[in-house]
Structure formats: structure tokens, C-alpha cells
Amino acid sequence: MKKAVIDTRGLTKEYVMGTNVVRALRGVDITIAEGEFVAIMGPSGSGKSTFMNLIGCLDRPSGGEYFLDGNEVSRMGDNDLAAVRNRFIGFVFQTFNLLPRTTALKNVELPLLYAGVKDRSERASKALERVGLGQRMDHKPNELSGGQQQRVAIARAIVTDPVLILGDEPTGNLDTRTSYEIMALFQELNAQGKTVILVTHEEDIARHCQRIIRFRDGRVVKDEVVESPTNAASVLASLPPPEVA
Ligand code: ADP
């Protein structure tokens, strides 16, 4: 049995709005083992973002327990939570969230700066090479395509060697071909042992993962194994070559 990277027990989250209480999560028990590749799905308002914010240590639950790589993080204070977040988690967002006037290399160095690491430039270069951007390190985000910007963001997410990569709709702003390229990269990282969890509302994106967890009304309503996940690299090989503008 592989060790659990994520283990939640009876996780709840309530938002109080005046006299109104929104029960965003109503008791979620999820275990995700090291090396899994999981999609989180569900209709709008089902609790996906709330769940991701909790497992990403961006917020604290109202009740229940959450163990991240064996550490009880549900009741940590803000500083400890931030430290855990930097050490254990790499984030990838729909809108890339890169610093605009900063080179790819410097963007990727940033988490290392926060972590007080010394050989930043060397490690950031390696991460950029790993995502296929070894030739673009000195480019700023506006000199890169959307897919390349997302690669920079993925390099930034992996540069600290986190136990977990969390993606919030990482292909939401990309065209079909580029989405497959990004999914191929996630699959490659997962094959190398990284645990990856993505929120997506696109079924065909979710089918690249090994497991799909579906939320509805703040609860898990389905947790399924994907029998033969789509291989993004094979799909790419079967697509016509990209049009050159
Ligand atoms: P999803 O990501 O699946 O769309 P959310 O986690 O964003 O779902 O939302 C779950 C429920 O919690 C919704 O009813 C939403 O309106 C509510 N909610 C989310 N964030 C907040 C907040 N900061 N304050 C109040 N209610 C919130």
C-alpha cells in the first residue's frame, strides 16, 4: 500500500453570509495515494474549489481532519500553513499567474527564493528543460504562447520538488491541441512519480487521469477508476500538424 499524500476525514466547510450559512462541503472522506493522477469534477457550486483550497492549504476546514503527506494541517496557523504549502505543493492555474515583466527563468526561480534555496538559477533551468522550454528561459510571458506560458507555470510548480501538483482548470484557456500537449506533460510527470490532482469540467480532459472523483452539493457522489486513460501523446501524434500562421 502506497502512502497517502491526501487523507481527509469528515471534512466540512461552511461559509457564513450574514444570517445565512452555506454548507460548501458536507463531510468529505478522500484518500489519494502517492503517484495517483486524479481529476475532480462536478457541477458549478458543488464544492470543487472549496475542496481544492483546503487540500492546497489556502484555507482551513470548519470541521474534520486533513492530513497532507502524514501531517495534520487542518488546524495550523497561517504561517505554518504557508510553509507547508511552499514545501509540499506546486500550483498550476487556468490563467497561468506568471509575473508579466519577468523572464521565464526568474518566474520559475520565485518559489525557490521564498524557500531560501541557493542554486536557484540551476534548478530553475533544469525545471524549464524538463517541460521543454530550455530554449525560452529569457523570454517574458508576453513573448510566449499560452501553452508555453502554462509550461513555465508547470516548471514553477515542480521546481521545489513538491509531493503534490494541484491544477485548477489548467487547460481552461488553451485550444484543443495545446490542451493535449499540457495533458501529455502532466502524464509524463505522473509517470515519473508525481502525484497530480486537477479540477476540470471537461470530461475528455478528466479521462486522461486514472481516477475521477465527482462532487455534488458538497459531497463525493462518485469515485471511479478510469479503465484506459486517454494517452495524450498518442492523440497528439494522430492530429494533423499545427497550422503555421
Ligand atoms: P465549485 O468550485 O464546484 O463551483 P465552490 O466550492 O466554489 O464550488 O462553491 C461551493 C458552495 O460554496 C457554493 O454554494 C458557493 O456559492 C459557496 N461559496 C464558495 N466560496 C464562498 C465564499 N467565499 N463565501 C461564501 N460562499 C461561498
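First listed ligand is number 1; within each ligand, the first listed atom is number 1. Note that the structure is a prediction, hence the values are computed from the model and not measured. Side chains are part of it too, since the values below use all heavy atoms of this structure and drop only hydrogens, waters and symmetry mates. One-based numbering along the sequence shown.
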Protein heavy atom at shortest distance from atom 19 (C) of ligand 1: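 Sorting protein heavy atoms by distance from atom 19 (C) of ligand 1 puts Tyr15 CE1, 3.4 Å first.
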
Nearest non-hydrogen protein atom, atom 2 (O) of ligand 1: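 The protein heavy atom lying closest is Ser49 OG, 2.5 Å.
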
Minimum side-chain heavy-atom gap [X]-[Y] below 4.5 Å:
X	Y	value
Phe96	Leu174	yes
Glu203	Met41	yes
Phe186	Pro170	yes

Could you list the donor-acceptor pairs under 3.5 angstrom formed between side-chain atoms of residues 129-140 and any protein atom two or more places apart in sequence or on another chain?
from	atom 1	to	atom 2	distance (Å)
Arg130	NE	Gln192	OE1	3.2
Arg130	NH2	Gln192	OE1	2.6

Result of checking Leu68, Leu166, Asn86, Asp80 against Cys57 for side chain to side chain contact (heavy atoms under 4.5 Å, CB included):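 Answer after filtering Leu68, Leu166, Asn86, Asp80: Leu68.
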
Can you list the ligand 1 atoms lying under 4.0 Å from a non-hydrogen atom of [X]?
X	answer
Val22	12 (O), 14 (O), 17 (C)
Lys48	1 (P), 2 (O), 3 (O), 4 (O), 6 (O), 8 (O)
Ala24	10 (C), 11 (C), 12 (O)

Ionic contact status for Asp168 with Lys48, cut-off 4.0 Å: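 No, this pair does not count.
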
Side chain, backbone, both or neither: the part of Thr50 lying under 4.0 Å from ligand 1 by heavy atom: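 Within the 4.0 Å criterion, Thr50 contacts ligand 1 through backbone and side-chain atoms alike.
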
Contact bool for atom 25 (C) of ligand 1 (protein heavy atom, d < 4.0 Å):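 It does: a protein heavy atom is found less than 4.0 Å away from atom 25 (C) of ligand 1.
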
Residue-ligand contact Ser46/ligand 1, heavy atom below 4.0 Å: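 Right, Ser46 reaches ligand 1.
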
Contact check, Pro43 vs ligand 1, heavy-atom distance below 4.0 Å: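 Per 4.0 Å heavy-atom rule, Pro43 contacts ligand 1.
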
Close N or O approach (Met17, ligand 1; < 3.5 Å):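 There is no such contact.
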
Min N/O separation Gly47 to ligand 1 under 3.5 Å: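 By distance alone, the answer is yes.
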
Distance flag, aromatic centroids of Phe37 and His208, threshold under 6.0 Å: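 No, too far apart.
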
Crowding at CZ, Arg216 (>12 non-hydrogen neighbours, <6.0 Å):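 Open.
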
Nearest option to atom 10 (C) of ligand 1, as decided by whichever heavy atom of Ser44, Gly45, Gly42 sits closest: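 Minimum heavy-atom distance to atom 10 (C) of ligand 1 goes to Gly45.
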
